[in-house]
Amino acid sequence: MQLYKSQKLKVYNSLSGKKEILEPITEGAIGMYVCGPTVYSNVHLGNCRTFMSFDMIFRYLKHLGYKIRYVRNITDAGHLENDADEGEDKIAKKARLERIEPMEVVQRYTVDFHNILQKFNFLPPSIEPTATGHIIEQIEIIKDIIEKGYAYEINGSVYFNVPKFNETHEYGKLSGRKLEDMIANTRELTAQNEKQSPQDFALWKKAEPQHIMRWPSPWGDGFPGWHLECTAMSTKYLGESFDIHGGGMDLKFPHHECEIAQAEATNGVSPVKYWLHANMLTMNGKKMAKSTGNNILPDEIFSGDNTILSKAFSPAVVRFFMMQAHYTSILDLSNDALLASEKGYLKLMEAMNGIEGLSTSSSSDFDVSTWQQKCYDAMNDDFNTPTLIAHLFEAVKHINALKEGKETITESDKQLLKSTLNAFIFDVLGIENKNESSSGTDKLADLVSLLIQLRKDARDNKDFATSDKIRDQLAALGIQLKDGKDGTTFSVN
RNA sequence: GGCAUUGUGGCCGAGUGGCUAGGCAGAGCUCUGCAAAAGCUUGUACAGCGGUUCGAAUCCGCUCGAUGCCUCCA
């Protein structure tokens, strides 16, 4: 199904500062690159939000029928602690501190990253390349940039010449900065710097003898600069010009700015048509930072093993919570907010579980196809998941009214309602229904049905002591009985 | 200090020149043996101060606050 032909999708392009209709370079196909994690410690929750936003975007583009290649890299080298000459590679530093091989650090935290993403029900990207797997490509690009006069070698390191580039190109166009202002506001660097200009950035860093991560190059042993890997990998897998580049807001400058500079210096063309930036996650109104303790790991939320939240929350609930905010807005995580999302999530899932059992009629009180288009309109407006979710709750109201027999629906509308909800909740938002299809659920259902029957017998005999005991003890186990017009149902919390 | 984003009812969070966001919490009602669940009803929110306009939460200016970047950071 090529839904994209009938659904006009608009995206907010950070480069233009406007919402633009998404028109892929090649019709029906999209190339998307997202800056992945530096695997030097456990992936943190804010990181997850960014990747989740792009997972949702990936899912929606797929849903619209685009043929999409989604590349999300793993940074396993080149990410420096700081920009001074003695700046140390993050991976190498961690390896040194823990006295293990750099690749052990990479392996450990790559596994952690994948593990967490899987819990959050992420779709794997089409390609997940690593920086260390593309050293040759990076060296080739550096050679090319030097040849074109936009980089210089000094003491075995190579730097990008920003002022030179700025003479013929516009450095800072993505982040709204001007080179002159940046020069005027440059802080004093403490160490002597071999860079010609403070704005210049490293393409290749010389490895001192004690450095453990090193590769041979025309400039001697060293390692690549961080900004370069994304240019190398995006160019290799998506071409010199591709459709969407995503990442966190904080990467806009300097990382993405440098990517543009590198690509334009080599290829002469702007590498990306649409720049998409996901906003930050705060906790209790403050930025999440390990240094202040205002930080929580995904697994600590899932297990409840933390001092910040009153209970454990499932990955599905956290995902639902994040989807209730627009990806370009700052989102604040708090105990109250998660509790509210959990209730909303359960309400939504309860409605989903009830659709199949709805009886149908010859007419519908609910205009399902109009509602369906409203859902698409929300998503087409720069992936407005909060508005989409508001529409989903509108459907929940109708489902509940249908359950009570207060409204009617035709069989075809019911099927449309069901398929649309399935598509948006499970396929697009990627929210899992944890009450469904886990092994043992059927037996549990049979068992609870038995207890419901016993309770009904007791109630019919006005033996309320027994009936209440069954109900209350089940409630204590997290199984809630719900008396409706057509008998009793239950839900598991 | 500079650049950028942002400030919505008790909480979270959409929207954007006139028309109900939504979820959670609260109150009342219906249903019920009692509950729960569900349904219905209910909130005159848009940081402050000015300005533009027939009309602004929505546009403009200023003030105050928050967040991000400016050094690695999703």
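A note on names: the letters A, B, ... follow the listed sequences, proteins ahead of strands, and every chain is numbered from 1. What's counted below: heavy atoms across the whole structure, side chains too, no hydrogens, waters or symmetry copies.
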Worksheet item: Using a cut-off of less than 4.0 Å, is there contact between a side-chain N or O of Asn400(A) and OP1 or OP2 of G39(B)?
Response: yes

Enumerate all atom pairs, one protein N or O and one N or O from nucleotides 8-16 of chain B, separated by less than 3.5 Å.
from: G13(B); atom 1: OP1; to: Asp332(A); atom 2: N; distance (Å): 2.9
from: G13(B); atom 1: O2'; to: Gln324(A); atom 2: O; distance (Å): 3.4
from: A14(B); atom 1: OP1; to: His326(A); atom 2: N; distance (Å): 2.8
from: A14(B); atom 1: OP1; to: Ser329(A); atom 2: OG; distance (Å): 3.0
from: A14(B); atom 1: O3'; to: Asn384(A); atom 2: ND2; distance (Å): 3.3
from: A14(B); atom 1: O2'; to: Thr387(A); atom 2: OG1; distance (Å): 2.5
from: G15(B); atom 1: OP1; to: Asn384(A); atom 2: ND2; distance (Å): 3.1

How many whole angstroms separate atom [atom1] of [X] from atom [atom2] of [N]?
X: Leu179(A); N: C70(B); atom1: CG; atom2: P; result: 16 Å
X: Asp460(A); N: U32(B); atom1: CG; atom2: P; result: 15 Å
X: Lys374(A); N: U20(B); atom1: NZ; atom2: P; result: 12 Å
X: Asn279(A); N: G7(B); atom1: CG; atom2: P; result: 11 Å
X: Met349(A); N: C24(B); atom1: CE; atom2: P; result: 13 Å
X: Met283(A); N: A66(B); atom1: CE; atom2: P; result: 19 Å
X: Gln199(A); N: C69(B); atom1: CD; atom2: P; result: 18 Å
X: Phe313(A); N: C24(B); atom1: CZ; atom2: C1'; result: 12 Å

Just checking [X]: base, sugar-phosphate only, or nothing, at a heavy-atom cut-off of under 4.0 Å?
X: Gly176(A); value: sugar-phosphate
X: Leu392(A); value: nothing
X: Lys347(A); value: sugar-phosphate
X: Asp250(A); value: base
X: Ser175(A); value: sugar-phosphate
X: Lys406(A); value: sugar-phosphate

Discussion item. Please give me every residue in residues 463-475 of chain A whose heavy atoms get under 4.0 Å of an atom in RNA chain B, ordered by residue number.
Written reply: Phe464(A), Ser467(A), Asp468(A), Arg471(A)

What nucleotide, of [options], holds the atom closest to the side chain of [X]?
X: Lys397(A); options: A74(B), C34(B), C40(B); value: C40(B)
X: Arg459(A); options: G22(B), A74(B), U32(B); value: U32(B)
X: Phe393(A); options: U5(B), G23(B), G2(B); value: G23(B)
X: Lys252(A); options: A4(B), C3(B), G23(B); value: A4(B)

Practice prompt. Answer yes or no on whether Lys397(A) is positioned over the face of Phe393(A), meaning its NZ or CZ is under 6.0 Å from the six-membered ring centre and within 45° of the axis.
Written response: no

Fill in: Cation-aromatic face contact Arg319(A)/Phe122(A), 6.0 Å, 45 degrees
yes

Of all heavy-atom pairs between [X] and [Y], which one has the smallest distance, and what is that distance?
X: Gln138(A); Y: Gly225(A); value: OE1-O, 4.1 Å
X: Glu356(A); Y: Lys418(A); value: OE1-NZ, 2.5 Å
X: Leu45(A); Y: Leu333(A); value: CD2-CD1, 4.2 Å

Counterpart base for [N], defined by Watson-Crick or G-U wobble contacts under 3.5 Å:
N: G7(B); result: C64(B)
N: A21(B); result: none
N: U52(B); result: none
N: A45(B); result: none
N: G39(B); result: C29(B)
N: C34(B); result: none

Practice prompt. Between G13(B) and U32(B), how far apart are the C1' atoms? Round to whole Å, please.
Written response: 35 Å

Worksheet entry | Working for side-chain hydrogen bond (donor to acceptor under 3.5 Å, both in side chains), residues His114(A) and Gln118(A) | CA-CA 6 Å; His114(A) 286 148; Gln118(A) 192 169 20; over 6 Å; no

For the residue pair [X] and [Y], does the interplanar ring angle fall in the parallel (under 30°), tilted (30 to 60°) or perpendicular (over 60°) class?
X: Phe201(A); Y: Phe160(A); value: parallel
X: Tyr171(A); Y: Phe165(A); value: perpendicular
X: Phe424(A); Y: Tyr376(A); value: perpendicular

Fill in: Side-chain ion pair, Lys406(A) and Glu404(A), N-O less than 4.0 Å
yes

Worksheet item: Do you see a donor-acceptor pair shorter than 3.5 Å between the side chains of Ser334(A) and Asn284(A)?
Response: no

Worksheet item: For the ring pair Tyr12(A) and His326(A), is the centre-to-centre distance below 6.0 Å?
Response: no

Response to the item:
When Phe253(A) and Gly36(A) are each assigned the nearest nucleotide of RNA chain B, the 5'-most assignment goes to Phe253(A)

Worksheet item: Of Arg177(A) and His255(A), whose closest RNA chain B nucleotide lies nearer the 5' terminus?
Response: Arg177(A)

